[in-house]
Visitor: 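Let me give you the structure first, and then I'll get to my questions.
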Protein chains: 2
Amino acid sequence: MSRAETSRRGSRPGRAGIRDVAAAAGVSITTVSDALNGKGRLPDATRRHVREVADRLGYRPSAAARTLRTGKSGLIGLTVTTYGDEPFTFTEFAYFAEMARAATSAALARGYALVILPATSRHDVWSNVALDGTVVIDPSDQDPVVSELVRQGLPVVSDGRPAGSLPVTAWVDNDHEAAVLGILDHLADAGARRIGLLTGTTTDTYTHLSTTAYLRWCERVGQDPVYEAYPAHDPCAGAVAADRLLARPDRPDAVYGLFDPNGTDLLAAARRYGLRVPDDLLLVCCSESTVYAHTEPPITTLSLKPRRIGTAVVQLLIDAIEGADSDRPVEQVIPTELIVRTSSQRRPPRTTVSPPRSPEKT
Amino acid sequence: MSRAETSRRGSRPGRAGIRDVAAAAGVSITTVSDALNGKGRLPDATRRHVREVADRLGYRPSAAARTLRTGKSGLIGLTVTTYGDEPFTFTEFAYFAEMARAATSAALARGYALVILPATSRHDVWSNVALDGTVVIDPSDQDPVVSELVRQGLPVVSDGRPAGSLPVTAWVDNDHEAAVLGILDHLADAGARRIGLLTGTTTDTYTHLSTTAYLRWCERVGQDPVYEAYPAHDPCAGAVAADRLLARPDRPDAVYGLFDPNGTDLLAAARRYGLRVPDDLLLVCCSESTVYAHTEPPITTLSLKPRRIGTAVVQLLIDAIEGADSDRPVEQVIPTELIVRTSSQRRPPRTTVSPPRSPEKT
DNA sequence: TGATCATGCAGAAACGTGTCTGTCAACGCG
DNA sequence: CGCGTTGACAGACACGTTTCTGCATGATCA
């Protein structure tokens with residue numbers, strides 16, 4: 001009855017194994033496993049007895065052994081493709097934080113945990129962790145890690161349409177073209193004659209799709225494109241680019257900024273040039289931050305709904321892992337939300353919140 | 001020589017095991033293991049041959065099996081104690097994101113990966129993942145998970161002094177009292193007569209230490225405390241509290257806000273009451289965001305240096321895991337950085353950046 | 001009363017790796 | 001020429017769990 005008794009071999013004194021529980025409860029290993037996992041056909045008395053003994057010994061099943069035996073680790077990779085040497089891009093912070101938070105919650109609710117793994121990383125780290133599947137944010141078809149994961153047969157769900165012909169299991173994305181077109185129409189409705197764009201020099205799909213949509217819109221309405229591009233990972237470059245955009249001879253009377261800090265940067269630049277917002281300059285930027293509700297004036301923002309995306313991505317991935325033939329589509333488009341504030345309205349606002357494409361309430 | 005040959009048992013066709021490599025290379029399992037891990041005493045020819053065959057077969061050692069055998073998983077938990085039902089507090093976002101980024105980088109550089117695990121979470125998730133150690137952000141002595149980890153003998157390093165008598169392996173923190181005192185002195189030097197505080201209702205050590213330091217400073221200089229507290233996880237409550245603070249009959253002429261969004265909130269509130277910053281109201285807030293460099297006027301911020309903290313925490317933890325008797329102290333205090341901008345200076349700024357306590361350059 | 005069957009539980013085989021022990025050949029040396 | 005030594009490798013075990021198979025025991029029924 002000594003509580004320190006362990007298996008015949010001198011295992012770690014701090015950890016009790018399933019054998020110790022079996023010995024202490026006077027049953028076999030099988031019975032312990034079945035009792036704790038609710039698997040076999042045992043009388044409730046035995047089940048309770050085993051559980052009580054296990055609790056008393058502080059028994060915790062070894063995750064490694066369980067993973068080895070079952071082939072499931074309960075771990076999901078959360079991957080960000082990197083452009084510089086940093087794990088993730090600075091401008092993605094608010095988006096990434098929100099998205100990761102939602103993904104963590106969703107995974108946790110279904111018994112999974114998230115592992116942060118930059119796509120560009122030492123190979124040994126990737127192979128050292130047993131993953132059941134992976135979430136990839138904005139994957140590039142250049143990423144050798146992602147293609148190898150797919151080749152190994154692991155489920156891969158991407159946030160953002162996969163570039164090239166990357167055969168991911170499923171993906172979730174916003175309709176970036178529609179979002180940009182909606183914003184441009186919104187600005188034109190507010191009286192903008194020449195709409196500028198603050199965009200990035202990176203090659204990710206978000207930047208690419210948004211810029212392309214802008215250029216096509218300009219072509220359609222017959223406006224000369226007015227845009228400045230800068231490396232989005234450099235916050236200082238953003239301020240400089242905002243300044244450059246407003247210093248141009250063909251200065252726009254409305255600007256949409258693709259990245260989170262663009263709003264304050266553009267506001268500061270407008271102030272330097274004596275431009276009043278929204279009277280002389282209409283402003284919209286893509287951001288998840290609430291600071292734009294309290295700036296002077298409050299700035300209209302486009303939210304990509306990272307929480308909904310994070311949740312959806314994890315649900316799709318776990319469905320694929322568990323082989324559940326869920327009725328969820330493997331390609332989900334999450335609607336964006338345009339939060340209209342003073343900066344994009346020449347008249348006092350009538351509505352505070354309106355979705356960009358669907359007039360009915362969400 | 002058929003490439004599809006597998007072990008005697010019909011294992012997954014996609015995954016090659018160490019037995020397959022041994023068979024294909026015409027050597028034993030031991031030789032393969034030694035050749036790949038650089039362990040045994042093998043001629044270079046054999047070593048190269050085995051590695052080549054392993055590469056050709058696309059062999060990846062099973063992480064689960066390795067973990068089971070070696071007892072090391074290469075996984076580090078990243079834990080945030082939660083106050084609401086969300087995985088982490090909203091106001092910690094920028095701090096958490098920066099800290100997590102640095103921690104991820106540091107862990108990766110030493111061959112480890114990070115697992116996000118809310119402290120308040122289903123117990124089965126915690127026991128389902130094999131951790132080598134855990135980083136805990138702002139631990140509460142109420143957290144049963146943390147105390148159990150410590151009891152299990154796992155290394156636990158905390159960001160923030162452990163509350164109560166939580167026996168963590170090591171911790172890293174800022175000197176919050178010194179930081180607050182430095183800011184108050186800075187504001188007083190700039191001419192503030194009555195300094196207010198925007199603080200939180202939560203019981204974490206950061207809020208507690210900062211508030212206590214403020215109250216002691218007030219007592220020392222003989223000023224009546226002027227502060228408003230609000231639940232920090234609610235962004236709207238922050239705006240309301242900022243408004244309340246400036247609406248008081250004993251309105252302060254300088255305010256320090258403990259949380260990230262306080263700067264914009266206070267600025268908006270000041271604008272509503274017609275207070276000019278910094279002429280009528282001096283402003284400082286604790287934030288990691290760069291938006292405060294471009295507000296009107298730019299706002300002085302206190303940075304807690306989350307990147308240095310994240311790096312230090314991970315280094316300490318991995319040192320403890322690997323049993324390296326490192327010369328690093330087990331209690332590290334990271335200096336904060338006061339980034340002085342217009343909002344806290346009645347005169348035009350002489351220096352743009354100055355550390356709060358040490359006059360010499362960092 | 002003996003055959004059938006469901007029930008409750010024990011034994012043992014994996015999962016895939018790292019590593020301890022042991023074998024066999026070659027070789028140096030007295 | 002015999003013997004100890006060393007290099008190069010093979011065999012076998014253990015890590016801790018899950019689960020398949022199978023053996024008792026008692027109950028049910030012809």
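All chains are named by letter (A, B, ...) in the order of the sequence lines, taking the proteins before the strands, and each is independently numbered beginning at 1. Reckoned from all heavy atoms, side chains included, excluding hydrogens, waters and symmetry mates.
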Visitor: Would a distance-only check, ignoring hydrogens and angles, find a side-chain to backbone donor-acceptor pair under 3.5 Å from A:R51 to A:A35?
Guide: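 Flag set: sc A:R51 to bb A:A35 pair under 3.5 Å.
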
Visitor: Specify the separation, in whole Å, of atom CZ of B:R60 and atom P of C:dT17.
Guide: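 Interatomic distance, CZ of B:R60 to P of C:dT17: 12 Å.
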
Visitor: Can you work out whether B:A65 or B:V27 has the more 5'-proximal nearest nucleotide on DNA chain D?
Guide: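 On the 5' side of the pair lies B:V27.
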
Visitor: Check for a donor-acceptor pair, side chain of A:T67 on one end and backbone N or O of A:A63 on the other, with a separation under 3.5 Å.
Guide: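 Present.
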
Visitor: Verify the contact: side-chain N or O of A:T67 to OP1 or OP2 of C:dC15, cut-off strictly under 4.0 Å; return yes or no.
Guide: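 No, A:T67 has no side-chain N/O under 4.0 Å of OP1/OP2 on C:dC15.
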
Visitor: C:dA10 C1' sits how many Å from A:R19 CZ, rounded?
Guide: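 From A:R19 CZ to C:dA10 C1': 15 Å.
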
Visitor: Whether B:E322 and B:R110 form a salt bridge (side-chain N of Lys/Arg under 4.0 Å from carboxylate O of Asp/Glu) is what I want to check.
Guide: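 Salt bridge present between B:R110 and B:E322.
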
Visitor: OP1 or OP2 of C:dA10 sitting under 4.0 Å from any side-chain N/O of A:S28?
Guide: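 So the side-chain polar atoms of A:S28 do come within 4.0 Å of the phosphate oxygens OP1 or OP2 of C:dA10, strictly under.
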
Visitor: Do nucleotides 18-24 of chain D as a string where each nucleotide becomes B, S or -: B if the base has a protein heavy atom under 4.0 Å, S if just the sugar-phosphate does, - if no protein is that close.
Guide: BBB----

Visitor: Let me know the distance between CZ of A:R47 and C1' of C:dG8, rounded to the nearest Å.
Guide: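 In whole Å, C:dG8 C1' and A:R47 CZ are 11 Å from each other.
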
Visitor: Which nucleotide in the list C:dC9, D:dC9, C:dC15 gets nearest to the side chain of A:P43?
Guide: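 Of the candidates, C:dC9 comes closest.
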
Visitor: State whether a side-chain donor-acceptor pair under 3.5 Å links A:S28 with A:T31.
Guide: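 Looking only at side-chain atoms, A:T31 and A:S28 do form a donor-acceptor pair, the distance falling under 3.5 Å.
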
Visitor: Hey, are B:R161 and B:E331 close enough for a salt bridge, meaning a charged N less than 4.0 Å from a carboxylate O?
Guide: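 Salt bridge: no.
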
Visitor: Would A:E148 and B:R60 pass as an ion pair if we require N to O under 4.0 Å?
Guide: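 Answer for the salt bridge query: yes.
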
Visitor: Can you measure A:L36 atom CG to D:dG16 atom P for me and round it to whole angstrom units?
Guide: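 Rounding to the nearest Å, CG of A:L36 and P of D:dG16 are 16 Å apart.
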
Visitor: CG of B:N128 versus P of D:dT17: gap in Å, rounded?
Guide: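 After rounding, the reported distance stands at 12 Å.
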
